[in-house]
Amino acid sequence: MDFELRVAREKLEREQRARKERAKAKLERERRAKAEAARQRDAIEATQRSKRLDAARAQIEAEQRMEESMLLGKGVIFCRTLEAIPFNGFGDKIKLPPSCFQELSDQGALDKGPMYFRLSVIDELVPSVSDATDEVEHRATHSGVLEFTAREGSVELPSHVWSNLLSGVSLDVPLVEVHYVSLPKGTYAKLQPEGMGFSDIPNHKAVLETTLRRHATLSQGDIITVSYGELNYKLRVLETKPASSVSVLETDIEVDIEGHDSAQESSRNQPVLAPLVIGKVEEGIVEEGTFNYYKFSVEAAIIDEVASGRMNIEVKIEADAGDADTNVYLSRHPLIFPTQHRHEWSSHEMGSKVLTVRPKDPNLVAGTYSIGVFGFKGVTKYRISVAFKDNVKQQIGGHATASSPIDMESVECQNCKHFISSRTILLHEAYCFRHNVLCQHNGCGVVLRKEEAASHVHCNKCGQAFQQEQIEKHMKVFHEPVHCPCGVILEKEQMIEHQSSTCPLRLIMCRFCGDMVQAGSIPADARDRLRGLVEHESICGSRTAPCDSCGRAVMLKEMDIHVIAVHQKS
């Protein structure tokens with residue numbers, strides 16, 4: 001009986017404990033459920049608060065951007081993200097879609113004068129915010145607008161803007177943010193050539209001014225390319241005032257040009273003029289097909305001595321013995337880099353040579369002269385010098401020869417065709433027939449030693465006489481067809497004439513801007529052709545300037561006619 005009671009009691013205790021544990025577990029689950037519900041409510045409230053804060057922050061930022069855009073654009077708000085497409089153009093003026101014109105026109109941007117835009121690259125692959133900020137700041141520039149003819153969704157960039165904005169950027173579809181801004185007129189700019197040679201250009205500031213006419217803006221950090229004939233010089237914008245980006249339209253801006261950056265000189269292939277001191281020998285090495293350039297200055301007093309015939313200018317090249325050979329070309333500024341077909345004096349002799357600038361040369365003026373040493377064959381080590389040599393000629397016995405009785409009794413030698421005294425003609429002919437031979441080439445008539453006659457040859461094209469070892473060089477230099485960059489193929493002499501008078505790529509001194517520029521083709525206007533203008537002068541002369549007498553805006557190319565016709569001035 002006791003056993004059964006004990007078993008029943010134990011069973012009851014177990015059931016009571018189980019009920020208590022279940023009740024405790026239920027309470028714990030309820031507590032946990034309440035805590036989880038509280039956490040979820042807190043998370044939802046935090047998310048909602050964050051969204052409200054983000055929305056408020058975004059609204060504030062949008063309002064700030066709106067205010068900044070209003071300030072930068074002087075009331076015009078325009079910002080587009082467009083696909084960048086390059087086009088072959090000059091300067092910094094871009095092409096936008098027609099819809100941009102409509103949007104800007106509706107806001108009155110056309111009434112505010114020239115339009116300027118800030119261009120920045122949108123790179124979604126930049127890993128961090130700080131890196132992205134630096135990168136965008138680095139890849140940003142300003143521009144004007146050329147026309148609104150680009151296809152919708154794209155912006156066309158000229159080479160200047162493309163190189164400054166997207167150089168080194170490897171994006172499949174480069175996206176650019178185009179933002180309308182208002183820029184102050186520039187008053188000062190500091191530029192630095194990236195390499196040597198820019199200061200060698202005659203009146204290089206005027207050449208830079210011509211380049212800036214194609215630009216609407218200048219921004220710090222941008223690189224401007226200045227073209228001088230076939231040469232291109234890059235200048236970095238170091239500083240602009242009164243802001244980091246300024247307008248260069250319809251304003252006078254002071255420009256300072258700092259010295260070249262020598263650290264970048266070795267990476268450039270631009271030709272450089274090395275200075276030569278008169279009378280001092282300089283050594284050099286030139287490879288086949290390349291040029292080494294030098295320059296020297298001639299004062300007006302020396303030019304007077306040369307023009308009077310008392311002095312010559314000599315350029316001397318002493319080459320080491322061997323198969324290598326050079327040519328030397330000489331020109332005066334503004335032709336600063338003479339070539340095989342664009343020069344004023346040249347020497348093509350084998351080995352060492354002396355190029356003499358003769359007295360009373362029509363191209364001889366005071367100033368700076370350029371020398372081009374061309375590697376014709378192999379690698380040549382040479383020594384170059386420039387000197388002023390006295391040209392004293394002594395004429396001895398001139399009158400005695402004219403009045404000599406021997407001349408009155410001379411007879412013609414049957415072999416060499418020279419006139420010899422009749423008393424010695426037999427002895428002379430006996431010697432002459434044994435040792436001399438007369439060149440039978442038409443117009444030559446040179447008397448040669450018989451052992452030298454075999455090496456005496458004439459060019460079958462121009463008829464000039466040469467030694468046998470020189471004819472190959474003569475044919476290659478003077479008669480090998482040459483391709484002009486404009487597409488014409490001519491021999492050397494015809495090419496020189498072509499590149500000095502008719503080539504559209506030849507450099508001329510513009511009578512309106514005063515710069516050395518490419519002439520261009522024949523102008524389309526018949527009146528400009530009658531005036532003798534080339535294409536560049538026809539375009540450049542179309543710019544207007546106020547008349548000094550009446551203040552009326554007149555085209556530069558018609559200013560002389562206006563002065564004569566209206567003001568009766570010669």
Side-chain angles (χ1 to χ4, degrees), residues 284-292 312 314-330 338-341 343 345-358 371-385 389 393 410-420 424-482 490-496:
I285 300 176
V286 62
E287 298 180 358
E288 183 175 339
T290 63
F291 271 95
N292 286 348
N312 288 339
E314 290 186 357
V315 179
K316 187 176 183 180
I317 299 287
E318 296 178 351
D320 293 345
D323 295 335
D325 193 18
T326 62
N327 294 336
V328 59
Y329 303 96
L330 179 65
T339 64
Q340 299 100 309
H341 315 114
H343 58 266
W345 301 275
S346 63
S347 176
H348 306 88
E349 298 177 4
M350 301 284 289
S352 300
K353 55 186 69 67
V354 176
L355 176 59
T356 302
V357 180
R358 300 296 179 183
I371 303 172
V373 180
F374 177 70
F376 178 77
K377 182 180 180 181
V379 179
T380 308
K381 295 182 179 180
Y382 63 89
R383 292 168 297 280
I384 183 172
S385 61
K389 298 291 186 180
K393 296 182 179 180
S410 60
V411 295
E412 184 180 25
C413 174
Q414 298 299 316
N415 185 49
C416 66
K417 306 302 180 182
H418 289 177
F419 285 90
I420 309 298
T424 59
I425 185 63
L426 295 178
L427 183 61
H428 168 80
E429 287 185 342
Y431 179 86
C432 190
F433 275 104
R434 288 198 306 271
H435 297 88
N436 299 333
V437 63
L438 184 67
C439 179
Q440 300 299 320
H441 189 275
N442 186 24
C444 181
V446 175
V447 180
L448 303 166
R449 303 286 293 181
K450 287 186 175 181
E451 57 271 17
E452 299 174 352
S455 62
H456 178 80
V457 294
H458 285 265
C459 175
N460 56 9
K461 289 191 174 183
C462 63
Q464 294 188 38
F466 298 94
Q467 294 297 315
Q468 183 67 46
E469 61 272 11
Q470 297 177 337
I471 190 65
E472 180 181 355
K473 181 177 182 179
H474 168 78
M475 295 297 294
K476 187 172 183 180
V477 170
F478 288 90
H479 300 298
E480 189 174 82
V482 179
L490 297 169
E491 292 185 359
K492 181 182 187 314
E493 296 295 336
Q494 292 80 13
M495 182 61 71
I496 293 175

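The shown structure was predicted, so the numbers you read here are calculated from the model rather than taken from an experiment.
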In Å and rounded to the nearest 0.5 Å, what is the [atom1] to [atom2] distance from [X] to [Y]?
X: I384; Y: I371; atom1: CD1; atom2: CD1; answer: 4.0 Å
X: F291; Y: Q340; atom1: CZ; atom2: CD; answer: 4.0 Å
X: N460; Y: H441; atom1: CG; atom2: NE2; answer: 8.5 Å
X: I496; Y: S346; atom1: CD1; atom2: OG; answer: 6.5 Å
X: K377; Y: N327; atom1: NZ; atom2: CG; answer: 12.5 Å
X: I471; Y: C459; atom1: CD1; atom2: SG; answer: 5.0 Å

Examine distances only and state if a side-chain atom of [X] and a backbone atom of [Y] form a donor-acceptor pair shorter than 3.5 Å.
X: E287; Y: I285; result: no
X: K450; Y: F433; result: yes
X: D325; Y: G351; result: yes
X: E288; Y: G378; result: yes
X: H435; Y: Y431; result: yes
X: H458; Y: G463; result: yes
X: N415; Y: N436; result: yes

Self-check item: Distance-only side-chain donor-acceptor flag, K353 / T326, under 3.5 Å
Solution: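 Side chains of K353 and T326: pair found under 3.5 Å.
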Using side-chain heavy atoms (C-beta onward) and a distance below 4.5 Å, is [X] in contact with [Y]?
X: K461; Y: F478; value: no
X: C432; Y: H418; value: no
X: E480; Y: M475; value: no
X: L330; Y: V328; value: no

Quiz item: Stepwise, does the side chain to side chain contact (heavy atoms under 4.5 Å, CB included) test hold for S385 with E318?
Solution: CA-CA 9 Å; S385 61; E318 296 178 351; over 6 Å; no
Quiz item: Has K492 got more than 12 heavy atoms of other residues, nucleotides or ligands less than 6.0 Å from its NZ?
Solution: yes
Quiz item: Should the heavy atoms of other residues, nucleotides or ligands under 6.0 Å from NZ of K473 be counted, would the total exceed 12?
Solution: yes
Looking at every non-hydrogen atom in both residues, tell me the closest pair between [X] and [Y] and how far apart they are.
X: G375; Y: V286; answer: N-CG2, 3.6 Å
X: G372; Y: P338; answer: N-CG, 3.7 Å
X: V354; Y: S347; answer: O-OG, 4.4 Å
X: I425; Y: C413; answer: CD1-CA, 4.1 Å

Quiz item: Can you list the steps and then say if R383 with D320 is a side chain to side chain contact (heavy atoms under 4.5 Å, CB included)?
Solution: CA-CA 9 Å; R383 292 168 297 280; D320 293 345; 3.2 Å; yes
Quiz item: When you check the gap from the basic side-chain N to the acidic O, do E314 and K316 get nearer than 4.0 Å?
Solution: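 Salt bridge: no.
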Practice problem: In sequence, state the C-alpha distance, the side-chain angles, and the governing distance for F376 and V477, and then conclude on side chain to side chain contact (heavy atoms under 4.5 Å, CB included). | Solution: CA-CA 9 Å; F376 178 77; V477 170; 3.6 Å; yes
Quiz item: Relative to the ring of H474, is the ring of H479 parallel (under 30°), tilted (30 to 60°) or perpendicular (over 60°)?
Solution: perpendicular
Quiz item: For the residue pair H343 and Y329, does the interplanar ring angle fall in the parallel (under 30°), tilted (30 to 60°) or perpendicular (over 60°) class?
Solution: tilted
